[in-house]
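Before any comments, here is the structure.
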Amino acid sequence: MYIYIGKQQIEEIHLGEGVLYPGFIDTHSHCSIYSNLLDKVYCAPSCGNIPSILQKLKEKADNTPEGEWVIGYSYDDTGIPEARHLNKHDLNAVSTRHPVLVSHISSHMGYANDLALQKFSFDARTKIPGGEVVVDSQGQTTGFLLETAYFKCLSYLPAATPEQQKENLKKAVYEYNKNGFTTIQDGGLGFGTDARLITQSYIQLYKENRLNARMYLQYVPEAFEKLLPYGLWNFGNDYITFGGLKYFTDGSIQGFTGALSQDYHSRPGYKGNLLYPQEEIDAMIEKYHCMNVQIAVHTNGDAASEAVISAFEKALKKNPRTDLRHMLVHAQMVSDSQLERMKACGIIPTFFVKHVEVWGDRHAKIFLGPERMSRLDPCGSAAKIGLPFALHVDTPVLPVTALESMHTAVNRTSSSGIVYGENQRISIKQALEAYTVNAALCCAGEKNRGRLKPGYYADFVLLDKDLEEIPSADIKNAQVLKTICGGNIVYEKN
Ligand SMILES: [Zn+2]
C-alpha cells in the first residue's frame, strides 16, 4: 500500500495477507463513558450466573485497597439464569470493607451494598423525586436504586483526574482500533461525563499526536449551549469535530422505559412514556434545526420516533433543509411509513441491530411479543426504500464491535438460534456500507472517509477474510489483522 500527500508518494506499507476495507466508522457509542469503565468489573450475562458475577466482583475487591470503591457495570437481570435483580446482601457478601456499586445494563438503575448506601446517606426513609431507594416488605433498604436515586449516587464516585482521563480515553480508543474503527462518534458528552474535561482530554491527546481515531463529538443540550456562542458545531480539524446536539426522548425497551404506541407485551395497559411533552420536543427540534445544527435524537419506541419525526416535519416547514444529517439513534421500532417520512426529511437512522441477537428472545417473550420483535431494527425495509442507514452497538451497553453487528444484520439470529424477521435481513455489502459510506454521512465525512479512494483519509482495516466470499454464518469470526488511521498502523494483531 502506498500513502500519498498530493501526488507525492511518502510511504509504502507492506500489509501482508488480508483483505483491505475502509476504516470502520462508529455512528453511536459513548467512548468517554466507556473509557472510565475499563478498569471496572464487567457484569453482563456473558459472565454467567449470579455467583460467577459476584466472584468477579470479589476478586476485584481483594485487589482493591480497603475503603476504595468496587464498581461493576452492565448487569442484566433478565439475561441471567436467576432472572432477578441484585440486592445489598449479594454485594455485602462481595465486601463489607469496600463500597460496592453495580449499574444495570440500561444505565437507569443500580445496586449498592450497605457501605455504599451509607456513603450516599440513603436509608429506608430516603425519598428522591423521580427515583426510588427501594425497600422490602419489612421496610428495609434492598440496595436497589432506581432512576434519579441511582443518578444521584454517581456524583459520589471518585472523578478521574485530567491525566487519568486522558490515559483512559487513549485505552478506550485502542479498543475501537482493535475492532477496525478509525472514526468514533462520542454520542452525548455531558451525559454521565464532564463534557469540558472530556473535550480537553481529546484535544490534549491530539496535540500530543496520540489520538489514534477521528473523534466526532456530540453534546447534550446543557453542554451544547456553552459551545453555541462560539459557533462550535460542524467545525473542527481532521481528528476532532464538534458535531452537534444529542437529545433523548425516551428510555430503553428492555427497561420498560421506551415510549411505545401499543402496550408492552407483558404489561397490558402500559406503553411507557416520552421524556418530554410533544410541544417541548417540537420546540427543541425547531430551535436547533433552524440554527442548522445537526441533531442526533435517541428514540427506541415507535411513539418516541413518531414524536421526533413529526417534530422534524414541522421544523422543516420553517427551514426546508434536508442536508443537516439529523439522526435517529436506535429507531428500533420504526414502521415502513415512518422510514419513508424520515427519507423525505433527510433523517438517517442508526440501528442497534445487535438487539436481535442479545435481547431478541426476551423482546419476543417479555417486552414486545413475536410480531413486533420480527421487525425490530428494520434494516431490510430501510434498504428497500433506499434510505441510507448505519449500525452501532452503543458501547458500553455492548462491547465494541462492527463485525458482530454486521453479522446480526445479515443473519438476524438470536442467541438461542431463532431467526427473527427474515425479510429484514440485509446483504453483507449493505452491512459494510452501514459501517463505511453510510456512516460517513452521519459525520458529514462522505468526501474524506468511508471509501478506498485517492484523496480520502488513509484509514483502513485489514481483515483476514473477504466478507463477501464467506458463508454469512462466519462473518462474526472474521479477524481484524491491522487497523490504519491517517497512514499509521494503530492496531496490529499478534
Ligand atoms: Zn447511547
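Values in this document were obtained by computation on a predicted structure and should not be read as measured data. Counting starts at 1 for both ligands and their atoms, following the listed order.
Residue Glu225 qualifies as enclosed at atom CD: its count of foreign heavy atoms under 6.0 Å is above 12.
Within His30, the N, O or S atom lying nearest to the Zn ion (ligand 1) carries the name NE2. Minimum-distance N/O/S atom of Asp394 relative to the Zn ion (ligand 1): OD1.
Cation-pi check for Lys314 over Phe312 is not met; the charged atom does not lie both under 6.0 angstrom from the ring centroid and within 45 degrees of its normal. Judged by the 6.0 Å and 45° rule, Arg267 forms a cation-pi pair with Tyr270.
Not less than 6.0 angstrom separates the ring centroid of Phe367 from the ring centroid of His265.
Note on His28: counted as a metal contact of the Zn ion (ligand 1), an N/O/S atom lying under 2.8 Å.
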